[in-house]
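Just below is one structure, and these are the notes that go with it.
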Amino acid sequence: MASILVTGGAGFLGSHLCERLLADGHGVVCVDNFYTSDRHNVAHLLDHPGFELLRHDITQPLFVEVDQVYNLACPASPVHYQRDPVMTVRTNVLGTINMLGLARRTNARILQASTSEVYGDPEVHPQPEGYWGRVNPIGPRSCYDEGKRCAETLFFDYHRQHGLDIKVARIFNTYGPRMQRDDGRVVSNFICQALEGAPLTLYGDGEQTRSFCYVDDMVEALVRLMDSESGFTGPCNLGNPEQVTVRELAERVLALTGSDSEIVHRPMPKDDPLQRRPVIDLARERLGWEPHVRLGEGLARTVEFFRAS
Ligand code: NAD
Ligand code: UDP
């Protein structure tokens, strides 16, 4: 049984990951400042003997003894990360340095939750790990995109300079139960709008594409990457290559919920990537992983979650 730190552990992805690690018999230290979450997501874990919840901001140093670190702390939806962009950069740079320092001191293996946003608005499609991306360094999304790029740089510098055992996951759009209803991401927006009978807000012409991965598949991938052979650092794309336009997503949500909401157009946000789809050959080869939950099934489970809550 390992002792595992999960930063951002009370968030959407983090709470599912904590659950999984506890089920595997590990001890979990969940660290979160509740910037985009609350205790509710991990309330069912609080009585578990292997679970410890610490309210802490990773931009401040942290001293705990662990064997592994999953660094997930960072607001992830555009609405959240643009609310206080300087804080987003601080979390990605200062926070990452603190967690790398912790891993170095305790000789722990550390995994970074990086993102497909490092590819920006890509000219290469679909995106393999070797593509360096096309990111606007001064736009409204830059605090997140460049913050995450810098975090990757720090990971590889700690690896080269200090021999740290690192893993870098490039996570593509992930969805499922416990997404926040007000975080502005497209899956939660459309489902909540459809269930409330409100118009579905389609940004631009809706022809932009995304590839959505169900949370259970993503957690499996993260655990496999963390436990992969020593020396395999990534970066490794993790996501579901099943690509849809945002318009198709809206139509599927309407069909699944039986809602008669209309679709209304809103302006396309600045620097919104037009296409995004992962090449996951590396994950298939090195982790023996590929996603299993099809979009229709994952959306149905997510609709059930929002209906119940
Ligand atoms: P989320 O907003 O639900 O979770 C992030 C968590 O980090 C929240 O609980 C938040 O309170 C916490 N946090 C933020 N700043 C912090 C700080 N300074 N100190 C401590 N805690 C802090 O988002 P999520 O979707 O669960 O994303 C988790 C991670 O995965 C993020 O790093 C995100 O960038 C990455 N990621 C997610 C997706 C996705 O589609 N969900 C895609 C790519 C990358
Ligand atoms: N989007 C949309 N309506 C919404 C929210 C988002 O059409 O109510 C679009 C958004 O412009 C983007 C896509 O859906 O093209 C995915 O947006 P999200 O914020 O979920 O993720 P990201 O842009 O970070 O991939």
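Each ligand, and each atom within it, is numbered from 1 in the order the structure gives. Computed over heavy atoms, backbone and side chain alike; hydrogens, waters and symmetry mates excluded.
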Would you check if there is a donor-acceptor pair between the side chains of [Y] and [X] at a distance under 3.5 Å?
X: Glu19; Y: His48; value: no
X: His125; Y: Gln127; value: yes
X: Lys167; Y: Ser228; value: yes

inquiry  = Less than 4.5 Å apart, side chain to side chain, heavy atoms only: is that true for Asp84 and Tyr35?
reply    =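 SC-SC contact between Asp84 and Tyr35 confirmed.
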request  = Compare all side-chain heavy atoms of Asp165 with those of Ile110 and state whether any distance is below 4.5 angstrom.
outcome  =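 No - every pair of side-chain heavy atoms lies 4.5 Å or more apart.
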ask   = Counting only heavy atoms not in Arg181, do more than 12 sit closer than 6.0 Å to its CZ atom?
value = yes
Could you give the N/O to N/O pairs under 3.5 Å linking ligand 1 and the protein, each with its distance?
| from | atom 1 | to | atom 2 | distance (Å) |
| --- | --- | --- | --- | --- |
| ligand 1 | 2 (O) | Thr36 | OG1 | 2.7 |
| ligand 1 | 3 (O) | Phe12 | N | 2.9 |
| ligand 1 | 7 (O) | Cys74 | N | 3.4 |
| ligand 1 | 9 (O) | Gly11 | N | 3.1 |
| ligand 1 | 9 (O) | Asp32 | OD1 | 3.2 |
| ligand 1 | 9 (O) | Asp32 | OD2 | 2.6 |
| ligand 1 | 9 (O) | Ser37 | OG | 2.7 |
| ligand 1 | 11 (O) | Asp32 | OD1 | 2.7 |
| ligand 1 | 11 (O) | Tyr35 | N | 2.8 |
| ligand 1 | 11 (O) | Thr36 | N | 3.0 |
| ligand 1 | 11 (O) | Ser37 | OG | 3.4 |
| ligand 1 | 13 (N) | Asn33 | OD1 | 3.3 |
| ligand 1 | 18 (N) | Asp57 | OD1 | 3.0 |
| ligand 1 | 18 (N) | Thr91 | OG1 | 3.1 |
| ligand 1 | 19 (N) | Ile58 | N | 3.0 |
| ligand 1 | 21 (N) | Asn33 | N | 3.2 |
| ligand 1 | 21 (N) | Asn33 | OD1 | 3.2 |
| ligand 1 | 25 (O) | Arg185 | NH1 | 3.0 |
| ligand 1 | 25 (O) | Arg185 | NH2 | 3.1 |
| ligand 1 | 26 (O) | Phe12 | N | 3.3 |
| ligand 1 | 26 (O) | Leu13 | N | 2.8 |
| ligand 1 | 32 (O) | Leu72 | O | 2.8 |
| ligand 1 | 32 (O) | Lys148 | NZ | 2.8 |
| ligand 1 | 34 (O) | Tyr144 | OH | 2.6 |
| ligand 1 | 34 (O) | Lys148 | NZ | 3.0 |
| ligand 1 | 40 (O) | Thr174 | N | 2.8 |
| ligand 1 | 40 (O) | Thr174 | O | 3.4 |
| ligand 1 | 41 (N) | Arg185 | NH1 | 2.9 |

Donor-acceptor pairs are to be reported for all side-chain atoms of residues 68-76 against protein atoms at under 3.5 Å, with residues two or more places apart or in another chain.
| from | atom 1 | to | atom 2 | distance (Å) |
| --- | --- | --- | --- | --- |
| Gln68 | NE2 | Asp227 | OD1 | 3.4 |
| Asn71 | OD1 | Thr7 | OG1 | 2.7 |
| Asn71 | ND2 | Gln112 | OE1 | 2.9 |

key: Protein residues having a heavy atom less than 4.0 Å from any atom of ligand 2   = Pro78, Glu117, Arg141, Asn173, Gly184, Arg185, Val186, Asn189, Phe190, Thr201, Leu202, Tyr203, Gln208, Arg210, Val246, Pro269, Asp272, Arg276
request  = Report the hydrophobic cluster partners of Tyr144, with the cluster defined as I, L, V, M, F, W, Y residues connected by side-chain heavy atoms closer than 4.5 angstrom, directly or transitively.
outcome  = Tyr81
request  = Could you label the plane-to-plane angle of the Tyr131 and Tyr119 rings as parallel, tilted or perpendicular, counting under 30° as parallel and over 60° as perpendicular?
outcome  = parallel
